[in-house]
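Structure first, commentary second.
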Amino acid sequence: MAAEAENVVDLLLAQHEEIRRLASTVEKNHGQVRKDAFDRLRELLAVHETAEEQIVHPFARRAIGDGSSIVDERLREEHDAKGVLSELEKMDPESADFHETFAGFHKDLEAHASHEEKEEFPRIAREATPEQMRGMAKAVRAAEAVAPTHPHQGVESPTKNFAVGPMASVTDRVRDAIERMRG
């Protein structure tokens, strides 16, 4: 799909599929393959959730009936996931603790994605105009380009993302560059 014709729901669904693929790769592999897949998963989740928190959830809150209760539940899930993801970052990916914690995280991650796909995305698609859908996709892409690349628990609102996100993003991206340089 051409970027100018892309809509936000299709973009998010494609990202959910990539998240699922990476999570399965982490669970089924070891060594550098697991580490690389986890690092990519962590980064994708961080930027994906930030963009949803800044762009998608505020639209859902305003545009769909009972949007606030749906969004509040997704934000609770995202908050919890960021905490577990932060714990996983500190673990040895080859340890039994990592494997056990990741298995629970993967299950919760799948449930979260499923909730969005069933409760939020179809209703956004019904309520938004094609122009809004394309505009949100562009806004999501822009938000992801400057979002933090590591989880920051407690930063689940647009206001907190705009206040904390830029400095967290710079810090995360410098951290990532240093890690890449170390090998």
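Note that the coordinates shown come from a computational prediction; the quantities given were computed from them, not determined experimentally. We number each residue from 1, following the sequence as shown.
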Here the salt bridge (charged side-chain N to carboxylate O under 4.0 Å, His left out) pairs for residues 95-104, sequence neighbours left out, are none
Nearest heavy-atom approach of T25 to V33 is CG2-CG1, 4.1 Å
Q | Trace of the side-chain hydrogen bond (donor to acceptor under 3.5 Å, both in side chains) decision for E89 with H150 | A | CA-CA 9 Å; E89 277 191 293; H150 293 264; 2.4 Å; yes
Nearest heavy-atom contact between A60 and E120 is CB-OE2, 3.4 Å
Checking R141, R134, K138 against E6 for salt bridge (charged side-chain N to carboxylate O under 4.0 Å, His left out), the one that qualifies is R141
If Ile, Leu, Val, Met, Phe, Trp and Tyr residues are connected whenever their side-chain heavy atoms lie under 4.5 Å apart, and connections chain through other members, are L12 and L44 in the same group? no
CG of L109 to CD of E78, rounded to nearest 0.5 Å, is 10.5 Å
Residues passing the side chain to side chain donor-acceptor pair (under 3.5 Å) test with E27, sequence neighbours excluded, are H106
Residues 54-67 vs salt bridge (charged side-chain N to carboxylate O under 4.0 Å, His left out), sequence neighbours excluded, gives R61-D72, D66-R123
Rounding to 0.5 Å, atoms CD (E43) and NE2 (H48) come to a distance of 14.0 Å
With sequence neighbours left out, the residues meeting ring pair (Phe, Tyr, Trp, His ring centres under 6.0 Å) with F121 are H16
Residues pairing under salt bridge (charged side-chain N to carboxylate O under 4.0 Å, His left out) where one sits in residues 12-26, two or more places apart or in two chains, turn out to be E17-R20, E18-R21, R20-E110, R20-E117
Nearest heavy-atom approach of V47 to P148 is CG1-O, 3.4 Å
Applying ring pair (Phe, Tyr, Trp, His ring centres under 6.0 Å) to H57 and not counting sequence neighbours gives none
- Given K35 and D39, is the salt bridge (Lys or Arg N to Asp or Glu O under 4.0 Å) satisfied, shown in steps? CA-CA 6 Å; K35 182 185 179 326; D39 287 345; 2.8 Å; yes
Between R74 and E52 (salt bridge meaning N to carboxylate O under 4.0 Å), is one present in this structure? no
